[in-house]
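Only heavy atoms go into these numbers, but all of them, side chains included; no hydrogens, no water, no symmetry mates. As the structure lists them, so they are numbered: ligands from 1, and atoms in each ligand from 1.
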Amino acid sequence: MKSYTTLLTDLTNGILLITLNREDKLNALNKAVIGDLNDVMDEVYANAEIKGVVVTGKGNKAFAAGADIAEFKGLDEEQGTALARRGHSVFNKIEMCPKPVIAAVNGFALGGGCELAMACHIRIASENAKFGQPEVNLGLIPGYGGTQRLVQLIGKGKALELLMTADMIDAHCAQKLGLVNDVVQTVELIDHCKAMVAKIASKAPFAIAQVIQSVYAHFKDGIDGFDTEISLFGKCVTTEDFVEGTAAFLEKRKANFKGK
Ligand code: COA
């Protein structure tokens with residue numbers, strides 16, 4: 001693994017733990033963090049040793065308290081658009097990662113922090129997590145996919161409420177809305193997320209990648225998700241893991257997937 005200025009990485013048993021490492025700024029996402037996230041995701045795509053990812057924030061206070069507001073000063077329209085475009089590109093890379101990416105939300109997930117969590121495939125929150133899209137307090141709207149992914153996850157009515165009131169919600173409210181999958185004790189958060197990645201990684205990797213692609217096809221303009229599912233199902237039956245998985249079931253044994 002490369003080393004990163006703004007991220008800590010730990011690859012153990014095929015699970016990469018990525019920790020945003022700006023605790024003194026509540027892990028705010030400045031340009032350097034966005035650049036490092038882009039590069040670490042390139043490693044995730046390319047490195048066959050990495051089976052899945054957990055993303056979290058350093059410290060016990062914040063996952064990420066948003067984009068770095070200090071970098072907003074003096075932006076013109078062109079720079080603002082470029083900033084949002086760059087964030088979109090990196091977060092799309094996270095979302096379309098063929099390996100599972102789980103957000104371990106360990107505190108404030110505000111603005112870009114909430115958007116980062118939403119770009120991950122699954123979100124698990126600690127008891128002290130707090131979520132919100134407070135951009136309108138700054139004269140802004142979310143710029144890293146928040147207006148779209150929040151609607152996808154919790155529906156239009158509640159999304160509009162959170163986006164327009166800038167209200168912060170706690171972990172249990174976020175779970176009730178479907179913004180997070182589960183809420184766990186803070187001390188259990190990382191192990192819980194790692195266990196979930198390990199469980200997913202024990203399945204056929206090609207099939208997992210096709211699940212991700214097929215589900216996100218639902219949200220892509222001009223693409224029929226049902227057609228996508230049909231063709232990806234067809235691709236799965238050409239894999240060695242399909243032969244192994246079905247044989248293992250019939251032989252009443254555990255499948256030994258090779259990712260081929
Ligand atoms: N960008 C840049 N710096 C940030 C930040 C952000 N989004 N969020 C927090 N920080 C910095 C603070 O400026 C402070 O730095 P300092 O110690 O050098 O002054 C440090 O992180 C600690 O934050 P602080 O505000 O003192 O902590 P708090 O416990 O009083 O409040 C929050 C916590 C999350 C409620 C508050 O930091 C906040 O509202 N942050 C901004 C949230 C936001 O609007 N995000 C959307 C951005 S688009």
Side-chain angles (χ1 to χ4, degrees), residues 4-8 18-38 55-92 94-95 103-120 123-154 158-175 177 179-180 183 186 189:
Y4 295 92
T5 321
T6 66
L7 307 175
L8 302 172
I18 300 172
T19 306
L20 306 172
N21 190 25
R22 297 187 74 214
E23 189 176 355
D24 59 328
K25 296 290 177 190
L26 303 187
N27 303 314
L29 307 171
N30 62 8
K31 281 186 190 150
V33 177
I34 295 292
D36 282 349
L37 281 172
N38 179 67
V55 183
T56 194
K58 185 87 190 293
N60 54 15
K61 198 166 164 189
F63 175 73
D68 193 318
I69 298 168
E71 288 185 347
F72 286 172
K73 207 161 167 248
L75 285 181
D76 63 22
E77 183 173 350
E78 198 181 323
Q79 291 164 331
T81 308
L83 187 89
R85 187 165 285 126
R86 171 75 169 149
H88 273 251
S89 147
V90 176
F91 285 15
N92 286 342
I94 294 170
E95 183 170 76
V105 183
N106 57 314
F108 290 114
L110 302 175
C114 188
E115 291 170 294
L116 172 60
M118 290 193 291
C120 298
R123 285 147 295 286
I124 307 295
S126 60
E127 291 278 356
N128 67 326
K130 292 223 164 20
F131 296 81
Q133 295 288 163
E135 287 85 353
V136 291
N137 288 335
L138 304 168
L140 284 172
I141 66 167
Y144 294 166
T147 62
Q148 305 304 297
R149 292 193 179 99
L150 194 60
V151 175
Q152 291 168 0
L153 282 165
I154 71 172
K158 272 292 175 185
L160 279 166
E161 181 184 326
L162 290 183
L163 291 162
M164 294 197 290
T165 61
D167 279 350
M168 242 190 257
I169 56 171
D170 67 18
H172 291 287
C173 181
Q175 184 183 23
L177 292 175
L179 180 53
V180 301
V183 183
T186 305
L189 179 66

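Between Ala65, Gly111, Ala166, it is Ala65 that holds the heavy atom closest to atom 43 (C) of ligand 1. For atom 47 (C) of ligand 1, the candidate residues are Gly113, Ala67, Ala64, Gly143; the nearest heavy-atom contact is made by Ala67.
The presence of a protein heavy atom under 4.0 Å from atom 38 (C) of ligand 1 is ruled out. Within the 4.0 angstrom cut-off, atom 7 (N) of ligand 1 has one or more protein heavy-atom neighbours. Atom 29 (O) of ligand 1 is flagged as protein-proximal [any protein heavy atom, distance under 4.0 Å]. The nearest protein heavy atom to atom 26 (O) of ligand 1 is not closer than 4.0 Å. Distance check for atom 12 (C) of ligand 1: every protein heavy atom is found at 4.0 Å or beyond.
At the shortest separation from atom 24 (P) of ligand 1 among protein heavy atoms lies Leu26 CD1, 4.5 Å. Distance from atom 10 (N) of ligand 1 to its nearest protein heavy atom, with residue and atom name: Lys25 O, 3.8 Å. In terms of protein heavy atoms, atom 34 (C) of ligand 1 is closest to Leu110 CD1, 3.5 Å. Scanning all protein heavy atoms for the shortest distance to atom 5 (C) of ligand 1 gives Ala28 CB, 4.1 Å. Residue, atom and distance of the protein heavy atom nearest to atom 14 (C) of ligand 1 are Asp24 O, 4.4 Å. Nearest to atom 2 (C) of ligand 1 among the protein's heavy atoms is Asp68 OD1, 3.3 Å.
At least one heavy atom of Pro134 sits closer than 4.0 Å to an atom of ligand 1.
Note: an N/O pair closer than 3.5 Å links Lys61 and ligand 1 by distance alone. Among the atoms of Ile69, some N or O lies under 3.5 angstrom from an N or O of ligand 1.
Across Asn38, Leu116, Val55, a single residue satisfies side-chain contact (heavy atoms from CB on, under 4.5 Å) together with Ile94, and that is Leu116. The one candidate from Met164, Met168, Glu115 that meets the side-chain contact (heavy atoms from CB on, under 4.5 Å) condition with Gln133 is Glu115.
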